[in-house]
Amino acid sequence: MKKKVRMKLISSKKLAKDTIELVLENEYISEEAQPGQFVHLAVPNHTLRRPISIAEINKAAGTVTLLFKIVGEGTKALANLSVGTEIDALGPNGNGFPLSDLQAGDSVLIVGGGVGVPPLYFLARALHDKGMKIRAVLGFQEKEAVFYETAFQELGETQIVTNDGSYGAQGFVTNVINEQNPIHRYFACGPLPMLAAVQHQLKNKTGYLSFEERMGCGIGACYACVIPTNENAGYKKICQDGPVFAANEVVL
Amino acid sequence: MKKKVRMKLISSKKLAKDTIELVLENEYISEEAQPGQFVHLAVPNHTLRRPISIAEINKAAGTVTLLFKIVGEGTKALANLSVGTEIDALGPNGNGFPLSDLQAGDSVLIVGGGVGVPPLYFLARALHDKGMKIRAVLGFQEKEAVFYETAFQELGETQIVTNDGSYGAQGFVTNVINEQNPIHRYFACGPLPMLAAVQHQLKNKTGYLSFEERMGCGIGACYACVIPTNENAGYKKICQDGPVFAANEVVL
Amino acid sequence: MIDLQVDLPGLSMKNPIMPASGCFSFGREYSEFYDLGQLGAVIMKAATGEQRQGNPTPRVAETASGMLNAIGLQNPGVEKIVETEVPFLAQFNVPIIANVAGSTIEEYEKVATVLNTSTDIAAIELNISCPNVKEGGIQFGTNPQMAKEVTQRVKAISRFPVYVKLSPNVTNIVEMAESIEEAGADGITMINTLTGMQINLSTQQPLIANKTGGLSGPAVKPIAIRMIYEVRQAVSLPIIGMGGIATAEDVLEFLLAGADAVAIGTENFHNPLVCPEIIAALPEVLKQYGFSSVKEAVGKAHSA
Amino acid sequence: MIDLQVDLPGLSMKNPIMPASGCFSFGREYSEFYDLGQLGAVIMKAATGEQRQGNPTPRVAETASGMLNAIGLQNPGVEKIVETEVPFLAQFNVPIIANVAGSTIEEYEKVATVLNTSTDIAAIELNISCPNVKEGGIQFGTNPQMAKEVTQRVKAISRFPVYVKLSPNVTNIVEMAESIEEAGADGITMINTLTGMQINLSTQQPLIANKTGGLSGPAVKPIAIRMIYEVRQAVSLPIIGMGGIATAEDVLEFLLAGADAVAIGTENFHNPLVCPEIIAALPEVLKQYGFSSVKEAVGKAHSA
Ligand SMILES: Cc1cc2nc3c(=O)[nH]c(=O)nc-3n(C[C@H](O)[C@H](O)[C@H](O)COP(=O)(O)OP(=O)(O)OC[C@H]3O[C@@H](n4cnc5c(N)ncnc54)[C@H](O)[C@@H]3O)c2cc1C
Ligand SMILES: Cc1cc2nc3c(=O)[nH]c(=O)nc-3n(C[C@H](O)[C@H](O)[C@H](O)COP(=O)(O)OP(=O)(O)OC[C@H]3O[C@@H](n4cnc5c(N)ncnc54)[C@H](O)[C@@H]3O)c2cc1C
Ligand SMILES: Cc1cc2nc3c(=O)[nH]c(=O)nc-3n(C[C@H](O)[C@H](O)[C@H](O)COP(=O)(O)O)c2cc1C
Ligand SMILES: Cc1cc2nc3c(=O)[nH]c(=O)nc-3n(C[C@H](O)[C@H](O)[C@H](O)COP(=O)(O)O)c2cc1C
Ligand code: FES
Ligand code: FES
């Protein structure tokens with residue numbers, strides 16, 4: 001049986017401009033979560049839940065870390081919750097990044113943009129634990145928006161790109177991805193234009209992209225969150241079949 | 001200019017079954033309030049404000065006391081507010097009980113029913129300060145609902161009536177009001193059937209009744225809260241012309 | 001400098017914000033909260049031919065993100081309004097819109113005739129969400145023919161620009177707007193309330209004494225936006241939009257959908273200062289979304 | 001013991017609670033949260049003649065106490081549904097209602113014909129809030145003649161009781177219900193969503209890709225209650241009520257207004273356990289307000 005759980009807020013802190021990290025306690029989710037999955041959070045007095053990726057877990061402590069940007073009423077309300085509050089959540093939802101066929105020593109490229117970075121951190125930790133060679137390219141709008149740089153550096157070679165050049169390289173993540181490098185697998189999460197550019201640039205590599213879409217149920221029952229695929233089935237559901245899809249499966 | 005103010009919650013306690021007393025800090029309202037007036041409180045995520053009578057003021061401390069029964073979502077939310085919260089309020093609203101023509105030594109009968117009692121306490125204190133002789137008849141549903149008995153006893157002769165006889169006299173307030181007693185003035189607040197019965201029983205006395213009605217604006221602008229009068233004007237507005245009306249003016 | 005000025009038939013307004021009819025009475029109460037001279041315009045409570053007592057109570061109920069009301073057009077009658085209320089409002093020097101109601105076309109005509117005697121009125125708003133007693137109580141506002149006729153007849157005698165207030169309780173809002181346009185109206189105001197009901201679980205009867213009441217507030221905003229968007233595409237009359245506005249962002253949403261100006265109803269009850277607060281906040285919101293004037297934003301959602 | 005049993009044409013239900021069409025897919029996802037055998041019935045997502053892809057995204061938006069959706073009838077087609085989805089649901093032993101949609105009367109007929117081949121369906125629900133492509137896209141559900149015709153034609157071929165789902169986007173809901181009754185329908189379900197729109201301030205365009213979407217959730221409850229109350233007075237068909245139900249108290253309000261049973265849509269997204277939670281809470285709520293059965297409460301608001 002799937003569960004609706006309550007996650008207790010343990011800590012809330014601002015990591016970057018408008019960017020909040022929450023640590024929440026819930027053993028079940030901490031135990032079950034796979035990199036790439038998300039929780040679907042109820043926000044008091046809002047009809048729809050908000051999907052937020054799992055950025056990190058600590059099984060020993062039974063905690064789950066979420067990182068999000070304040071973009072509207074829901075994320076603002078989540079940012080203002082006081083420690084001790086219980087958040088009603090569904091999860092872990094979605095499929096997660098496929099890892100089982102990767103071998104220790106494989107080279108993996110991680111490409112993240114903005115709030116697409118958090119699920120990639122959970123992923124990078126898992127890859128690192130399995131002994132893979134990680135290279136991360138993380139794009140942000142500006143210096144004030146950068147987060148998790150040192151956290152990624154501990155796991156592999158990490159390059160920061162900012163759109164305005166106020167930190168790291170200037171431009172887009174695609175400017176610094178070198179498609180000549182040996183890559184066994186790439187994983188990307190970020191805004192749609194970034195995913196499309198990465199998909200195009202790395203079309204000869206095997207990769208997986210994680211998508212966002214406005215959701216209703218978050219569990220596959222309402223067909224709100226679809227994405228066109230080039231398979232017979234046509235649309236697939238991001239919340240249930242995704243949020244991670246093979247780069248060559250989706251039509252962007 | 002009238003004001004929309006913020007009242008800071010200083011204390012919240014349960015006085016009787018489902019009955020909550022809030023002490024709120026706001027100098028302006030504490031300074032301006034007259035017995036019989038009310039505050040119109042915003043409840044987060046509710047369209048309409050809730051009108052609650054002023055039960056007591058402490059000008060020195062700049063505080064206002066409210067007493068209410070939990071009957072629905074709004075009062076439940078008010079009962080759950082934590083100390084320190086600021087409540088958005090309009091007030092003091094309404095006309096209040098007319099007192100200026102009363103003399104020290106006059107006999108005044110106070111008749112209260114349930115949550116009609118709180119504004120009468122503020123009134124009784126004012127009458128007591130002016131040296132009037134107070135007799136209070138306070139009706140409640142049952143023993144567990146009784147509040148402010150000793151507070152009234154300090155101000156005058158006080159008789160409690162409960163519908164089920166679990167405390168004080170059994171029955172209705174009208175059972176124990178003696179219309180033969182000399183009364184210069186009576187004041188009543190409580191459920192409509194009680195007010196109608198009191199109006200009828202004391203039809204030869206001069207009295208004032210305080211009414212409740214579902215409100216929109218609470219300031220006289222929407223015509224939600226009317227009461228039929230036997231004057232030419234027809235309906236009057238409880239929030240603005242009332243909540244206190246001369247007993248012989250209104251049609252019940 | 002963000003330009004908030006809006007000019008519509010009869011209405012030269014320094015900003016697009018006005019209180020909606022019935023939610024502001026005749027302004028006296030709100031004038032104790034702020035200087036009404038800040039408003040773009042004011043819309044008065046409905047005027048009928050004679051004094052009306054309105055409905056029994058309860059007249060209002062709260063709903064999720066909204067409210068129901070069935071006030072029943074309580075008002076002192078048009079003569080008294082012209083005599084005592086219009087002069088009060090006139091001192092604030094903002095355009096006054098008189099809301100006109102009636103049970104027969106003749107009553108609408110009478111109200112319009114009496115309003116003609118006032119020197120302080122800028123425009124009238126025909127409230128056609130009233131039952132036509134001669135037509136078995138069908139609302140003028142739900143029948144294109146009846147709406148057209150009452151508009152034509154009032155337009156023929158009024159010396160003021162005539163705005164017609166559309167009821168959302170119709171299958172085809174565009175058809176209604178087109179009838180109004182054909183009838184020669186100068187503008188449209190929309191939307192009036194949606195007919196709703198709440199049942200009191202304790203009494204097991206409809207809570208509002210009138211049984212049904214009009215739904216307003218944020219709950220209805222998506223319906224208002226959709227209808228304004230549709231009407232904007234079909235007719236060229238100016239539109240004063242309303243239905244659930246509570247913030248300056250909401251105002252921008254209405255402008256984008258096609259409203260030239262907006263009115264604020266229910267939110268006044270929650271926040272008596274909402275009109276001046278929105279007027280103060282609007283320039284910043286327009287700027288944030290790249291507009292330098294109200295006019296620039298109007299109808300922008302249609303230009304994809 | 002509070003009696004929750006409800007018997008309607010084709011539906012013997014142990015309680016009056018069912019998920020609404022389109023908010024429950026074909027039950028697989030919710031079956032991972034609770035035993036669907038607890039439900040009074042289930043209503044499946046719309047079935048069309050062939051597979052449909054539905055609308056582009058975004059397909060949903062949040063509104064005050066509600067949401068907009070424009071899914072666009074994405075479904076694998078009626079044959080696939082009968083083959084793979086109905087058998088899945090059948091294992092839970094609750095009456096299955098198939099929601100039938102189409103762009104032409106012929107498509108409705110086709111869907112009904114294919115459904116006839118299933119042994120596990122208890123009733124069908126005609127979703128007439130679909131544009132009729134042969135009539136310039138006017139919705140079947142907003143025109144009494146068209147609604148009548150599609151009902152008659154489906155009724156003529158279906159071997160199951162036919163419930164017709166009314167659209168609230170009409171001037172006169174009673175006229176629609178009467179047409180349906182004349183057409184021989186076995187019951188009414190109401191209400192479908194209200195057409196609404198939200199404008200994205202950043203893109204300055206309608207947020208939903210389809211531009212308009214259907215409004216549902218607590219925001220619309222007062223409209224649903226009013227319409228059910230009106231229809232109950234005019235026709236004698238059983239009514240399955242829906243529109244904004246989130247609690248057992250809401251269910252009682254619908255029963256009092258005249259619904260014989262209810263469906264729950266949007267609230268499933270907020271709380272996937274809402275149906276079993278309401279089923280568990282309902283006996284206590286009925287008792288609290290003095291009822292010993294669901295039947296006793298039905299239509300009680302009419303007996304003043
Ligand atoms: C699978 C998934 C994982 C996500 N993980 C993260 C994360 O780790 N960190 C993070 O900052 N953001 C993440 N997002 C985006 C996040 O869900 C939105 O930023 C958030 O829902 C916005 O809510 P709001 O109320 O603040 O904004 P509003 O714009 O007020 O929201 C209005 C409605 O639109 C929806 N919405 C708005 N933007 C988005 C969006 N980009 N994606 C989906 N729904 C949206 C909201 O959920 C809500 O229903 C994720 C989205 C998905 C689908
Ligand atoms: C002038 C005045 C003074 C009042 N003083 C007090 C007081 O001192 N103590 C006290 O306990 N109660 C008082 N009341 C009643 C109090 O306002 C209601 O009990 C309260 O509004 C109920 O809100 P709710 O959300 O809990 O109930 P709900 O039933 O959920 O409220 C739904 C809506 O109905 C309105 N409503 C429900 N019952 C009443 C009512 N009896 N009167 C007016 N509106 C109502 C609510 O304000 C709200 O708009 C007073 C009412 C008025 C008009
Ligand atoms: C209490 C109340 C009284 C109203 N009275 C009138 C009226 O007299 N004439 C009228 O045309 N509209 C009247 N309306 C409708 C409003 O003017 C407005 O069209 C509607 O409430 C939608 O806007 P809102 O959601 O901002 O309130 C009234 C609305 C409310 C809430
Ligand atoms: C996402 C979504 C999809 C829907 N799909 C359908 C559908 O396929 N067929 C149908 O008849 N109604 C559909 N509806 C309408 C619901 O069945 C229901 O009538 C409406 O949402 C009102 O109920 P609610 O407020 O409880 O959601 C859908 C509603 C939603 C929110
Ligand atoms: S959000 Fe409902 S199917 Fe994905
Ligand atoms: S509540 Fe608006 S006039 Fe009294």
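A quick note: this is a predicted structure, and the numbers were derived from the prediction, not measured. Naming: A, B, ... by sequence-line order, numbering from 1 per chain.
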Most chain C-contacting option - heavy-atom pairs closer than 4.5 Å, from [options]:
| options | result |
| --- | --- |
| B/Val226, B/Asp88, B/Asn45, B/Ile227 | B/Val226 |
| B/Gly220, B/Gly74, B/Cys225 | B/Gly220 |
| B/Ala42, B/Ala224, B/Gly216, B/Pro228 | B/Ala224 |

Region of [X] that comes under 4.5 Å of a non-hydrogen atom in chain C:
| X | value |
| --- | --- |
| B/Leu90 | side chain |
| B/His46 | both |
| B/Gln240 | side chain |
| B/Arg214 | both |

Rounded to the nearest 0.5 Å, how far apart are [atom1] of [X] and [atom2] of [Y]?
| X | Y | atom1 | atom2 | value |
| --- | --- | --- | --- | --- |
| C/Phe269 | B/His40 | CZ | NE2 | 9.5 Å |
| C/Tyr30 | B/Cys217 | OH | SG | 5.0 Å |
| C/Asn69 | B/Cys222 | CG | SG | 8.0 Å |
| C/Glu267 | B/Thr47 | CD | OG1 | 8.5 Å |

Does [atom1] in [X] sit with more than 12 non-hydrogen atoms of other residues, nucleotides or ligands closer than 6.0 Å?
| X | atom1 | result |
| --- | --- | --- |
| B/Glu144 | CD | yes |
| B/Tyr167 | OH | no |
| B/Lys236 | NZ | yes |
| B/Gln141 | CD | no |
| C/Lys211 | NZ | no |
| B/Glu27 | CD | no |

*With a 4.5 angstrom heavy-atom cut-off, which part of C/Ala246 approaches chain B: side chain, backbone, both or neither?*
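Interface part for C/Ala246: neither.
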
*Counting only heavy atoms closer than 4.5 Å, note whether C/Thr266 contacts chain B via side chain, backbone, both or neither.*
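Contact with chain B: side chain only.
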
*Which of residues 53-60 of chain C get closer than 4.5 angstrom to chain B, counting heavy atoms alone?*
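Near chain B, by residue number: C/Gln53, C/Gly54, C/Asn55, C/Pro56, C/Thr57, C/Pro58, C/Arg59, C/Val60.
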
*Search all heavy atoms of C/Pro272 against all heavy atoms of B/Lys4 and return the closest pair with its distance.*
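So the two residues come closest at CD-CD, 4.0 Å.
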
*Determine, for B/Arg50 against C/Glu62, whether the closest basic-nitrogen to carboxylate-oxygen distance falls under 4.0 angstrom.*
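Salt bridge flag = yes for C/Glu62 with B/Arg50.
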
_Under 3.5 Å: donor-acceptor pair, side chain of C/His270, backbone of B/Leu48_ =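 No: the side chain of C/His270 does not pair with the backbone of B/Leu48.
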
*B/Tyr223 ring centre to C/Lys45 NZ or CZ under 6.0 Å, with the angle to the axis within 45°?*
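Pair C/Lys45/B/Tyr223 counts as cation-pi.
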
*Please examine the side chains of B/Lys3 and C/Glu32, heavy atoms only from C-beta on, and report whether any two atoms are closer than 4.5 Å.*
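A side-chain contact is absent here, since even the closest heavy-atom pair is not under 4.5 Å.
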
